[in-house]
Amino acid sequence: MTTQKKANSFGLRLASRLCSIVNDSPSASVEVVLAEYLLQHYNTLGTLNIYQFAEDCHVPRSSIHRFCGKLGYANFSELKLSCRHEQDSYQYFTALSEKSDFRDHLCEEMIQMVRDMKGRISEPLLSRLAAQIHDARTVYLLASYSSISALKDFQRPMILCGKLVRVVASPDDHDRLKKASADDLILVVSAMGKFAEAYHDFIQPLSGKKILITASHQPEIQTPYDQVILISSMDCHHIKTAYAKYGVSYFFDSLYSVYYRNYGIVAE
């Protein structure tokens, strides 16, 4: 498997990775300069050559090669290929935003989603999952890069409940996951099923209780898991819907509420 395929299989979408560098790195660093340039030229990245890239950023080509390597790509050509492959991930939101009745359309879709999820995700189900999280020695949360922010929003308040959950945010955490024991809990979030497909063979041999949270009803992605939680009544396999963006946040906000009420309140 090439480095570019490894990066894509983990869902580290190029635009998201570049935005993270711009947001989190020192503003004067070479990485920020390169990331900002790529974001500014994102729509024409397919025609950009490395010579022009290096000249405009006042860096040697070796700096660009190292930068591509840190992003998980073998070279600049693979980085550009990744950009072309990821465009479908944004088509749902682009098409939605083009509608003149955008807010009405989105409001209706979100209302239908919440009603559906409220019916499917019962309080007892959330309580059982909260208990598994509470009892697990270590809890790992895995998702594509587009869902990582929702998992981190769940991770931070869980600390106030005395429970540290680990968000696996990069392929560098694989070795830690491979050492998981039978007492650990692994939660995999894959709204569209793509992440679950890419990680099927990696998840299969891992120890611990494995739970998939998804809107995909396809049975082939479910085989490595001890439990599958379907957050949608309809099969959203490879379909970008409101469940992918808002459904994951709604699920984990609901889960946190149950966990806090069951385990987070310390009696005086």
Side-chain angles (χ1 to χ4, degrees), residues 1-3 5-12 72 120-122 124-232 237 244 247-249 251-252 254-256 258-260 262-264:
M1 182 180 289
T2 67
T3 52
K5 288 182 179 179
K6 287 180 181 178
N8 282 345
S9 69
F10 197 75
L12 298 181
R120 294 195 62 86
I121 311 300
S122 66
L125 184 152
L126 291 172
S127 291
R128 289 192 295 271
L129 181 55
Q132 291 174 307
I133 292 174
H134 179 267
D135 296 340
R137 186 192 68 165
T138 305
V139 179
Y140 297 98
L141 302 178
L142 289 80
S144 66
Y145 201 81
S146 60
S147 297
I148 285 293
S149 60
L151 302 190
K152 289 182 177 179
D153 286 341
F154 175 74
Q155 177 190 43
R156 288 186 284 266
M158 284 291 287
I159 295 171
L160 303 179
C161 295
K163 187 68 176 184
L164 172 62
V165 299
R166 301 182 182 276
V167 175
V168 180
S170 79
D172 296 334
D173 293 327
H174 284 185
D175 289 340
R176 179 184 295 170
L177 265 175
K178 290 177 182 177
K179 296 176 183 177
S181 74
D183 298 322
D184 296 335
L185 176 64
I186 301 171
L187 297 177
V188 176
V189 180
S190 180
M192 297 170 60
K194 287 186 175 182
F195 183 78
E197 282 180 338
Y199 258 52
H200 182 280
D201 293 341
F202 178 80
I203 295 293
Q204 186 83 53
L206 297 181
S207 299
K209 173 88 172 180
K210 292 170 282 191
I211 299 176
L212 174 64
I213 300 166
T214 184
S216 170
H217 291 215
Q218 299 302 305
E220 58 268 20
I221 70 169
Q222 302 177 9
T223 55
Y225 299 95
D226 303 293
Q227 179 183 354
V228 176
I229 298 175
L230 295 174
I231 63 173
S232 170
H237 189 68
V248 173
S249 294
F251 178 87
F252 279 96
S254 301
L255 176 59
Y256 176 74
V258 171
Y259 191 96
Y260 177 78
N262 290 352
Y263 304 106

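Along the sequence shown, residues carry numbers from 1.
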Identify all side-chain donor-acceptor contacts of residues 147-158 below 3.5 Å with residues at least two apart in sequence or on another chain.
from, atom 1, to, atom 2, distance (Å)
D153, OD1, R156, NH2, 2.7
Q155, NE2, V165, O, 2.9

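- Partners of T214 by side chain to side chain contact (heavy atoms under 4.5 Å, CB included), not counting sequence neighbours, listed by chain and number: L212, S216, I221, V228, L230.
- Contact record, A182 with S207: N-CB, 4.2 Å, taken as the closest heavy-atom pair.
- If you run side chain to side chain donor-acceptor pair (under 3.5 Å) between H237 and each of E197, E220, K194, only E197 comes through.
- Residues that satisfy the side chain to side chain contact (heavy atoms under 4.5 Å, CB included) test with T223, not counting sequence neighbours, are H200, Q204.
- For the pair S232 and A215, the tightest heavy-atom approach, listed with the atom from each and the gap, is CB-CB, 3.8 Å.
- With a 4.5 Å cut-off on side-chain heavy atoms, I211 and Q132 count as touching.
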> Can you check side-chain contact (heavy atoms from CB on, under 4.5 Å) on V188 and Y199, steps first, answer last?
Replying inline: CA-CA 9 Å; V188 176; Y199 258 52; 5.8 Å; no
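- Sorted by first and then second residue, the pairs that involve residues 130-146 and meet salt bridge (charged side-chain N to carboxylate O under 4.0 Å, His left out), not counting sequence neighbours, are R137-D184.
- Looking at C161 and Y256, their side chains come closer than 4.5 Å, going by heavy atoms from C-beta outward.
- By the 4.5 Å heavy-atom criterion applied to side chains, L129 and V258 are not counted as neighbours.
- Shown here are the ring pair (Phe, Tyr, Trp, His ring centres under 6.0 Å) partners of H217, two or more places apart in sequence or in another chain: there are none.
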> Would I121 and S254 count as a side-chain contact (heavy atoms from CB on, under 4.5 Å) if you check the C-alpha gap in whole Å, the side-chain angles of each, and the deciding distance to 0.1 Å?
Replying inline: CA-CA 9 Å; I121 311 300; S254 301; 5.8 Å; no
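- Classification of the Y263-Y259 ring pair by plane angle, with boundaries at 30° and 60°, yields tilted.
- Taking all atoms of both residues into account, the shortest heavy-atom contact from L206 to I186 is CD1-CD1, 3.9 Å.
- For the residue pair D226 and G208, the shortest heavy atom distance occurs at OD2-O, 3.7 Å.
- Applying the salt bridge (charged side-chain N to carboxylate O under 4.0 Å, His left out) test to pairs two or more places apart or on separate chains, none has a residue in residues 199-214.
- L141 places none of its side-chain heavy atoms less than 4.5 Å from the side chain of V189.
- To the nearest 0.5 Å, atom CG of residue L185 and atom OH of residue Y140 are 11.0 Å apart.
- Residues F195 and L142 meet the side-chain proximity criterion, which asks for heavy atoms closer than 4.5 Å.
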